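Reading through the structure tokens given below for one structure.
A quick note: this is a predicted structure, and the numbers were derived from the prediction, not measured.
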Amino acid sequence: AAAFIHYDVGMWWRAGLFLPFWLGFMGLIQAQLKTCVIYAAKDFCNMDNGVEKIKDGNVAAKLRKKAKSVYITSLVSALFMTIMVMVIRG
């Protein structure tokens with residue numbers, strides 16, 4: 001992103017940074033919340049004994065809700081960063 005700003009790369013090329021930003025935020029937020037969105041979607045969790053199927057429907061629903069918050073938070077964060085990179089001039 002810094003190189004794009006420094007070399008005054010076109011605004012629409014800068015928009016392409018959304019995907020790396022989104023994936024980066026997904027990884028960071030999943031690690032922070034200790035929630036894997038892939039496992040949550042499949043009703044699995046990775047505990048001390050390895051990957052296990054979640055048997056309690058309430059726990060699975062809470063985990064899916066937490067995974068949804070990971071998606072939304074990372075999406076909003078990536079969108080914010082992309083817009084910032086698009087409007088900053090070098």
Side-chain angles (χ1 to χ4, degrees):
F4 278 34
I5 294 169
H6 178 74
Y7 292 110
D8 200 25
V9 174
M11 185 173 66
W12 294 111
W13 283 101
R14 294 179 192 200
L17 292 173
F18 173 79
L19 185 61
F21 282 147
W22 185 46
L23 294 174
F25 279 116
M26 283 281 289
L28 289 172
I29 295 168
Q30 284 182 91
Q32 183 181 27
L33 296 179
K34 299 178 183 169
T35 302
C36 176
V37 295
I38 304 278
Y39 285 161
K42 296 179 180 182
D43 292 338
F44 281 93
C45 65
N46 188 355
M47 302 303 277
D48 293 335
N49 298 333
V51 179
E52 299 175 354
K53 179 81 172 162
I54 300 172
K55 295 173 180 74
D56 186 350
N58 291 330
V59 173
K62 286 180 184 178
L63 195 56
R64 282 191 302 273
K65 186 176 179 181
K66 196 173 181 182
K68 186 177 179 180
S69 75
V70 170
Y71 278 121
I72 292 170
T73 304
S74 62
L75 182 73
V76 170
S77 300
L79 190 59
F80 174 76
M81 288 297 292
T82 303
I83 290 170
M84 293 306 297
V85 169
M86 289 175 71
V87 298
I88 293 174
R89 291 288 174 203

What pairs of donor and acceptor atoms, side-chain ones from residues 60-86 against any protein atom, are under 3.5 angstrom apart with sequence neighbours left out?
| residue | atom | partner | partner atom | Å |
| --- | --- | --- | --- | --- |
| R64 | NH1 | D43 | OD1 | 2.5 |
| R64 | NH1 | D43 | OD2 | 3.3 |
| K66 | NZ | L33 | O | 3.1 |
| S69 | OG | K66 | O | 2.6 |
| T73 | OG1 | S69 | O | 2.7 |
| S74 | OG | W22 | NE1 | 3.2 |
| S74 | OG | V70 | O | 2.8 |
| S74 | OG | Y71 | O | 3.0 |
| S77 | OG | T73 | O | 2.8 |
| T82 | OG1 | A78 | O | 2.7 |

(message) Membership question, hydrophobic clusters at under 4.5 Å side-chain separation (ILVMFWY): are V9 and I88 in the same one?
(response) yes

(message) If I take atom CD1 from residue I5 and atom CG from residue L17, how far apart are they, to the nearest 0.5 angstrom?
(response) 8.5 Å

(request) Answer yes if M26 and L28 sit in the same cluster of Ile, Leu, Val, Met, Phe, Trp and Tyr residues linked by side chain heavy atoms under 4.5 Å apart, and no otherwise. (result) no

(message) Give me the atom names and distance for the closest heavy-atom approach of D8 to R14.
(response) OD1-NH2, 3.4 Å

(request) Count the heavy atoms of every other residue, nucleotide or ligand shown that sit under 6.0 Å from NZ of K55, and state whether that count exceeds 12. (result) no

(request) Group every Ile, Leu, Val, Met, Phe, Trp and Tyr by side-chain heavy-atom contacts under 4.5 Å, then state whether W13 and F18 land in the same group. (result) yes

(message) Test of understanding: clusters of I, L, V, M, F, W, Y form through side-chain heavy atoms closer than 4.5 Å, transitively. Do F4 and Y7 belong to the same one?
(response) yes

(message) Tell me whether E52 contacts the main-chain N or O of M47 through its side chain, where contact means a donor paired with an acceptor under 3.5 Å.
(response) no

